[in-house]
Amino acid sequence: MKIALAQLNYHIGNFDSNTEKIISSIEKAKQENVDLVVFSELAICGYPPKDLLERKDFIERTQDALQKVAEACTDIAAVVGGPSINPNTKGKNLYNSAFFISNGKVESIHNKTLLPNYDIFDEYRYFEPNTEFSLVEYKGKKIAITVCEDLWEKQPTDNNFAKSELYTISPMEELNKLNPDFVVNIAASPFSYNQQDLRTNILKSNIERYNLPVVYVNQIGAHTELIFDGDSMVLNSKGDVACRLKYFEEDYQVVDMNEIEDNAIEIAEVDYIEKIHDALVLGLKDYFGKMGFKQATLGLSGGIDSAVTVVLAERALGKENVRVLLMPSEFSSDHSIKDAVDLAENLGIEYEIVNIQEIFSEFQKALKPSFGDLPFNVAEENIQARIRGTLVMGLSNKFGHILLNTSNKSEAAVGYGTLYGDMNGGLSVLGDVYKTDVFKMAWFMNKDKEIIPVNTIVKPPSAELRPDQKDSDSLPDYDVLDGILYRYIEKNMSSKEIIADGFEKQIVEKAIRLVNMNEYKRFQTPPILRVSSKAFGFGRKIPLVAKHS
């Protein structure tokens, strides 16, 4: 049997575009004498549709689009993901389904059993879990069709996958009793750099247990915070990868299932920094493209975060669509201004210099009656940041640009940022990237030639809001801080466990205290492009007023 894997970039609610993409791949597969073409989870409507699933008109349009896809399936079969209506009066109104389509109609529907309700996922809010299992018999083969999590042989148990009473049935155990020849799994599995081998290991563990080949199709593209990397593949019954599609690109490949047992391709390792880079470029490109925007703006300070952000923006949007403001004050060093200018000219982007010193002086005069003779402190520092935030927001409003936020995950974690100042923005590009990885990404960007001035990378990080200021005046070295934050945020480790890993007690307790007390700031940040297993945003729900340590 010849199977085509169609790894596509869908747009939530854009039924015309999604349907066109699907039908185009079906027609291409027909020309190549393919027997079955496989698409990803909820391909018809895009993933995740969230509360749009509660709208009657949205479901009706889903059904109309599915009918158009079915009509294209003559002399070929397809597996397509989409919501289906639960005919029972009990339970949720919908299933998360895989439709097996042939002979111009939906021949069978295979519903998702294991509905994730951890981290970023909330599928049990919308869907009824499946309890019935059957195979598809097509062209002499018996096919087990599963949806994403259903390929898991047992419920997840690590910190990133919370146990649930919903995980009471093993779909693979049930399907295996029916003696399938192979498994098709359609997925919408988002990217996270620190779990990049997880999927392959899951697929291989099922093959070891059931001795069944697996055809796995994931989507690519970005939907606000979530970035999908593709990485669709076929594994033979020995667990060897016989076919693997590209990361972060639409891709299409045809596999003859009769030949996969003798195929085992070499998997080239890709450094995680390169994957984060590619994920963020895709996240930016799709956020703008799917929202109907073209141009971005940001403040370029001469520091590492804005430098990396602007390079990502230029690569995602093109140099003609990026415009920056340099906003020096009396505390800005000459080399920072020069570094920012050199970077803008290296990229060929439009830049302007607006000195904020006069504006800052007017603020100081206006507040003099209130501040009196109190010493210069964080209040004056934040005023500068808010002046800059106002200026770049003004540029954004005047020209219809999206303002890109440049705060990194380390800063966001400990509250090292100014609300309504440098925390402004329509999208946070680096909010899920630790500072140490921002430096690594800058070196990666310079691997072929110097784009970011080396001085920007090697100089001590500084907000430059007071004389001779350095980040290390307020924070531990980033190598230490990021190690603590990763354990606390991604690994959910306690302070005692982190200290036992070799970190100093005083530094650990300070870092954790800063994380906890700055939850209110993160509550007000723009959407953050997610590249880790635990990003700030809707996947990490912490009460603002909780007492915890």
Side-chain angles (χ1 to χ4, degrees), residues 191-196 227 269-281 283 301-312 336 339 343 405-417 422-423 428-447 451-464 469-493 495 497-499 501-504 506-508 510-512 514-515 518 522 525 528-537 540:
F191 169 74
S192 59
Y193 76 90
N194 53 332
Q195 292 183 327
Q196 53 188 314
I227 303 168
E269 288 298 321
V270 180
D271 185 74
Y272 81 100
I273 291 295
E274 182 175 350
K275 286 187 178 181
I276 292 175
H277 169 277
D278 293 348
L280 295 176
V281 170
S301 67
I304 189 75
D305 299 311
S306 63
V308 168
T309 301
V310 77
V311 174
L312 291 168
S336 290
D339 289 344
L343 174 57
N405 176 268
T406 64
S407 299
N408 62 66
K409 189 171 188 176
S410 308
E411 294 172 347
V414 298
Y416 196 65
D422 58 315
M423 293 177 69
S428 174
V429 180
L430 300 178
D432 198 28
V433 183
Y434 288 113
K435 187 80 168 189
T436 47
D437 285 335
V438 175
F439 282 108
K440 291 176 184 177
M441 196 180 304
W443 288 117
F444 171 76
M445 290 170 166
N446 279 4
K447 64 183 176 65
I451 298 171
I452 298 175
V454 171
N455 186 62
T456 294
I457 307 174
V458 301
K459 68 185 177 185
S462 171
E464 295 191 333
Q469 183 183 26
K470 294 182 178 62
D471 290 6
S472 57
D473 298 338
S474 306
L475 301 173
D477 288 342
Y478 283 112
D479 285 341
V480 175
L481 178 63
D482 288 353
I484 295 170
L485 295 176
Y486 179 80
R487 287 164 173 80
Y488 187 61
I489 297 165
E490 271 87 342
K491 294 298 184 182
N492 274 328
M493 293 171 65
S495 58
E497 291 171 317
I498 298 171
I499 293 166
D501 267 2
F503 293 89
E504 291 184 25
Q506 184 178 0
I507 295 176
V508 170
K510 177 183 178 181
I512 290 177
L514 288 171
V515 173
N518 283 288
R522 292 187 292 273
T525 57
I528 296 170
L529 294 178
R530 178 188 184 270
V531 294
S532 79
S533 60
K534 184 60 69 174
F536 295 128
R540 185 176 184 270

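Because the structure is a prediction, the values reported are computed rather than measured.
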Measuring from [X]:[atom1] to [Y]:[atom2], what's the distance to the nearest 0.5 Å?
X    : Y    : atom1 : atom2 : answer
K534 : R540 : NZ    : CZ    : 8.0 Å
L481 : S410 : CG    : OG    : 5.5 Å
I512 : I498 : CD1   : CD1   : 4.0 Å
I227 : L280 : CD1   : CG    : 5.5 Å
Y478 : L485 : OH    : CG    : 10.0 Å

Under a 4.5 Å cut-off applied to non-hydrogen side-chain atoms, are [X] and [Y] in contact?
X    : Y    : answer
I507 : P476 : yes
T436 : D479 : yes
Y434 : I489 : yes
F536 : D432 : no
Y488 : V508 : no
T456 : L343 : no
N405 : V429 : no
E497 : K491 : no

Excluding sequence neighbours, so at least two apart, what forms side chain to side chain contact (heavy atoms under 4.5 Å, CB included) with D278? F248, E274
Would you name the heavy atoms of [X] and [Y] that are closest together and state the gap between them?
X    : Y    : result
L312 : V281 : CD2-CG2, 3.8 Å
R530 : A535 : CG-CB, 3.7 Å
K409 : S532 : NZ-OG, 3.2 Å
F503 : I484 : CD2-CG1, 3.5 Å
R522 : A413 : NH1-O, 2.7 Å
R487 : D501 : NE-OD2, 2.9 Å

Option passing side-chain contact (heavy atoms from CB on, under 4.5 Å) with V438 (candidates T309, I273, I304): I304
Would F439 and V458 satisfy side chain to side chain contact (heavy atoms under 4.5 Å, CB included), going step by step from the backbone distance to the final call? CA-CA 9 Å; F439 282 108; V458 301; over 6 Å; no
Look only at the side chain of [X] and the backbone of [Y], and say whether a donor-acceptor pair between them is shorter than 3.5 Å.
X    : Y    : result
N446 : I452 : yes
N408 : L430 : no
S407 : A412 : no

Are any of the side-chain nitrogens in D339 or K459 under 4.0 Å away from the carboxylate oxygens of its partner? yes
Going by an N to O cut-off under 4.0 Å, is there a salt bridge joining D305 and K435? yes
Can you list everything that forms a side-chain hydrogen bond (donor to acceptor under 3.5 Å, both in side chains) with D437? Sequence neighbours excluded, please. Y272
